[in-house]
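One structure is given here, and the rest of the page talks about it.
All values reported here derive from a predicted model rather than from experimental measurement. Atom set for the values below is all heavy atoms of this structure, side chains included, hydrogens, waters and symmetry mates excluded.
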Amino acid sequence: MVHRPADSRLLTNLLQQEKDYSKQLNQVLQSSNASLASFAAYAAASPPPASHVIMTVAGSLAAADDALRRYALGVDEWRDTMRLLKDAEDEVGNIMRDREILVTRLIKASKSQKNGSGSIRESLLLGHQRSPSSSSISLSIGGQQDTPSPSPSRPLSASISSSTKLAAAQSELQACEAHLAAKERELATKRCVAVRDGLGTRLRAMVECGWAWNELGKEALQSLEELGTDHPG
């Protein structure tokens with residue numbers, strides 16, 4: 001399986017920009033509260049019917065802010081979903097770094113084998129040497145010079161140790177590869193779910209916000225029609 005290098009910089013950048021966007025939305029809502037308070041104070045000091053109309057419009061504006069606040073919550077839910085996705089990407093990245101370490105370890109273990117010619121073969125034959133058959137005993141009596149033996153420059157114990165390290169490195173890398181493949185499949189599924197569900201929540205909030213603003217705007221315009229252009233007196 002071909003592994004894609006883990007690079008979460010684009011997702012990190014997206015999360016940072018969305019955080020700034022969410023912060024700006026909350027600042028707008030905070031400023032709107034102060035604006036509505038000033039608007040209501042102005043309405044209280046205005047004569048009727050202007051005071052009544054202004055208070056009605058202020059109610060529409062407050063409801064519009066509530067709709068925007070729900071959209072801001074949708075943005076936050078989207079950000080939370082993507083943060084969980086980044087955690088999953090970071091986990092895969094850590095496994096890939098572990099894999100690189102295991103690959104390097106396996107390369108070193110395999111290189112150590114070339115210093116002792118036949119060391120792997122000798123370690124495999126060790127089991128036969130521990131339990132010699134009757135024919136092997138007769139051979140050892142008749143011609144001991146034919147019995148396989150490790151190279152004088154590389155003791156049998158060193159050959160066994162090197163072969164054991166090689167087998168352990170291979171086993172660890174195989175286990176890591178299987179774990180990495182499973183996590184990559186899991187990450188691909190999580191990515192699709194995060195985009196679908198996270199953006200879905202945000203977009204539904206946007207639809208509701210847009211619909212609310214449309215309806216509230218119409219109501220506020222109807223309230224303004226109560227004000228005539230004729231001056232009293």
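Looking at heavy atoms from C-beta onward, R185 lies out of side-chain contact with T189 at the 4.5 angstrom threshold. For the pair V28/L68, a side-chain contact is recorded, criterion being any heavy-atom separation below 4.5 Å from C-beta on. Between L85 and L187, the closest side-chain pair of non-hydrogen atoms falls below 4.5 Å. Between E226 and H52 there is a side-chain heavy-atom pair separated by less than 4.5 Å. Annotation: side chain of E89 is not in contact with side chain of K190 (no heavy-atom distance under 4.5 Å). Taking the side chain as every heavy atom from C-beta outward, L29 and N33 never approach each other to under 4.5 Å. Contact check for S38 versus Y42: no side-chain heavy atoms found under the 4.5 Å cut-off. Between E91 and D87, every side-chain heavy-atom pair lies at or beyond the 4.5 Å cut-off.
Atoms CD and CE, from E184 and M96 in turn, are 6.0 Å apart once rounded to the nearest 0.5 Å. Atom OG of S46 sits about 4.0 Å away from atom CD1 of I54, to the nearest 0.5 Å. L180 contributes atom CG, which lies 9.5 Å from atom CG of D98 (distance to the nearest 0.5 angstrom). Between N214 atom CG and C209 atom SG the span is 11.0 Å, to the nearest 0.5 Å. The distance from the CZ atom of R196 to the OG1 atom of T201 is 10.5 Å, given to the nearest 0.5 Å. In this structure, R97 CZ and L102 CG are separated by 13.5 Å, a value rounded to the nearest 0.5 Å.
Under 4.0 Å is where a charged nitrogen must lie from a carboxylate oxygen, and between R79 and D76 at least one such pair does. Between R202 and E18, at least one side-chain N (NZ, or NE/NH1/NH2) sits under 4.0 Å from a carboxylate O, which counts as a salt bridge. For D66 and R70, the salt-bridge test fails: no basic side-chain N is under 4.0 Å from an acidic carboxylate O.
In terms of heavy atoms, S223 sits closest to T56 at OG-CG2, 3.1 Å. L216 and S60 get closest at one heavy-atom pair: CD1-O, 3.7 Å. The minimum heavy-atom distance linking G198 with W78 is given by the pair C-CE3, 3.5 Å. The two residues A43 and S51 come nearest to each other via the heavy atoms O-CB, 3.1 Å. K183 and V92 make their closest contact through O-CG2, 3.9 Å (heavy atoms, listed as atom of the first residue, atom of the second, distance). Nearest approach of G74 to A205, heavy atoms of both residues: CA-CB, 4.3 Å.
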Could you please spell out the steps behind the salt bridge (Lys or Arg N to Asp or Glu O under 4.0 Å) verdict for D90 and K86?
CA-CA 6 Å; D90 290 342; K86 184 176 184 303; 2.8 Å; yes
Test side chain to side chain contact (heavy atoms under 4.5 Å, CB included) applied to R99 and H179, step by step:
CA-CA 10 Å; R99 175 181 175 272; H179 184 52; over 6 Å; no
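Checked by atom type and distance alone, the side chain of T12 pairs as donor or acceptor with a backbone atom of S8 at under 3.5 Å. Side-chain atoms of T104 come within 3.5 Å of backbone N or O of E100 as a donor-acceptor pair. S22 places no side-chain N or O within donor-acceptor distance of the main-chain N or O of K19, the cut-off being under 3.5 Å.
Hydrophobic clustering (side-chain heavy atoms under 4.5 Å, transitive across Ile, Leu, Val, Met, Phe, Trp, Tyr) groups L36 together with V53. Put simply, V75 and W213 are part of the same group of oily side chains (I, L, V, M, F, W, Y) that touch within less than 4.5 Å, one to the next. When the side chains of ILVMFWY residues are joined at heavy-atom separations under 4.5 Å, either directly or via intervening members, L173 and L166 end up in a single hydrophobic cluster. Transitive grouping of hydrophobic side chains (ILVMFWY, heavy atoms separated by less than 4.5 Å) brings L61 and L224 into a common cluster. Y21 and V195 are not part of a single hydrophobic cluster, where members link through side-chain heavy atoms under 4.5 Å apart.
Counted by atom type alone, D20 and Q24 present zero donor-acceptor pairs between their side chains at under 3.5 Å.
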